[in-house]
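Some notes on the structure that comes next.
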There are 2 protein chains.
Amino acid sequence: MILEKKKAFNDFALSKGLRSTRQRDVILDVFLSTHQHISVEELYLKIKSSNTGIGHATVYRTLKLFAESGLAREILLHDGQTRYEHVIAGEHHDHLVCTKCNSIVEFEDETIEKLQKEIAARHGFLIKSHKMEIYGYCAVCKQL
Amino acid sequence: MILEKKKAFNDFALSKGLRSTRQRDVILDVFLSTHQHISVEELYLKIKSSNTGIGHATVYRTLKLFAESGLAREILLHDGQTRYEHVIAGEHHDHLVCTKCNSIVEFEDETIEKLQKEIAARHGFLIKSHKMEIYGYCAVCKQL
DNA sequence: CTGTAAACTGAAATTGAATATCAAGAGCAT
DNA sequence: ATGCTCTTGATATTCAATTTCAGTTTACAG
């Protein structure tokens, strides 16, 4: 699974004439080892802590590449930090975002997906992707 | 309709102990006169062009107030500019966004709303708002 | 193996949106 | 009007993200 993703990114790199570098390997490894929704800063700190001496700009640049390659997806919350999540082929999940603690719970709902298709069909619309985010307070924060 | 919105904002202001000022009136007028998804900068320029001498900071502050009052909603696209859209009372619409011509069709679906509530309940989550965007090609563009 | 052209990196500078500061000004109750 | 508090706006500041650019590394042809 991780190997597949590495291969997928290598293929992308090849097709774009990009070169294979130590930095990209490290960043890809760290990204793949993380869980959902990591911010660039978090990833940068994770990498920094392993003393690989990779710069800020490179992390930003490389994550943009991951997004472009289809490996990752940019997500924008309302805290001014861009986050990246893993794109899992053939799977789509949506988000419950807590606006107090910024935690994110993922969910998937077949029926909603089906309704989306119906709505799109009704408008002659061809779906490429979609995004659904529910904002509010998570189970913990709503009690505070 | 516009008058109702003004009244709604005044009520909100009153309940929060906010004062009625020339600047807020102007910004509200301009905001209400715009169509969907205006960025703060665009709104600021619109206001500036009418020589009312309202500052940058005030526009930002006031739009945040509008959002807080329920009059407007913050939306984040991927261009680093925060935009605001109109919130229409008792209506929630989602978006079909055409990635070719950038047209936006709005829709509403009761069943999806209901499913969202169920999912939230299942996670002990308290919904404050939500956002759903379906990306793809509109009826016109998909034929090109 | 080289040599070389092009891509890559990273420290530092820069950009740009958004917010904070704070003195001057304005709304509002009495 | 008086006084209290909210509001404003020029400016400074913050902070994520991008650009710059000189030095480095990669890929590849010869």
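Chain identifiers are assigned alphabetically (A, B, ...) following the order of the sequence lines, protein sequences preceding nucleic acid strands; residue numbering begins at 1 within each chain.
- Side chain of A/Gln143 to backbone of A/Val140: no donor-acceptor contact under 3.5 angstrom is found.
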Could you run down the sub-3.5 Å N/O contacts of the protein with nucleotides 17-21 of chain C?
residue	atom	partner	partner atom	Å
C/dA17	OP1	B/Gln81	OE1	3.1
C/dA17	O3'	B/Gly80	O	3.3
C/dA18	OP1	B/Thr82	N	3.0
C/dA18	OP1	B/Thr82	OG1	2.3
C/dA18	OP2	B/Tyr60	OH	2.8

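- Spacing between atom CG of A/Asp25 and atom P of D/dT25 amounts to 15 Å, rounded to whole angstrom units.
- Between the side chain of A/Ser50 and the backbone N or O of A/Ile47 there is at least one donor-acceptor pair closer than 3.5 Å.
- B/Tyr60 approaches B/Glu41 most closely through the heavy-atom pair OH-OE1, 4.5 Å.
- Closest of all the heavy-atom pairs between A/Tyr84 and A/Ala72 is CD2-CB, 4.1 Å.
- Computed from coordinates, the A/Ile54 CD1 to D/dT24 C1' distance equals 15 Å when rounded to whole Å.
- The aromatic rings of B/Phe9 and B/Phe66 sit perpendicular to each other, their planes meeting at more than 60°, with 30° as the lower class boundary.
- Using five terminal pairs a side, the axes of the helix from C/dC1-D/dG30 to C/dT30-D/dA1 at its two ends make an angle of 30°, given in steps of 10 degrees.
- Looking only at distances, a side-chain donor or acceptor of A/Arg24 sits under 3.5 Å from a matching main-chain atom of A/Arg19.
- Residue A/Ile27 contributes atom CD1, which lies 8 Å from atom P of C/dG10 at whole-angstrom precision.
- By the 4.0 Å N-to-carboxylate-O rule, A/Asp25 lies too far from A/Lys6 to be salt-bridged with it.
- As a whole-Å value, the separation of A/Leu63 CG from C/dG10 P is 14 Å.
- With values rounded to the nearest 0.5 angstrom, B/Leu115 atom CG is found 11.5 Å from B/Glu110 atom CD.
- Of the possible donor and acceptor atoms, none in the side chain of B/Thr58 sits under 3.5 Å from a partner among the backbone N and O of B/Ile54.
- Two rings, from A/His37 and A/His86, have their centers 6.0 Å or more apart.
- Of the residues in residues 12-24 of chain A, those lying under 4.0 Å from DNA chain C by heavy-atom distance are A/Leu18, A/Arg19, A/Thr21, A/Gln23, A/Arg24.
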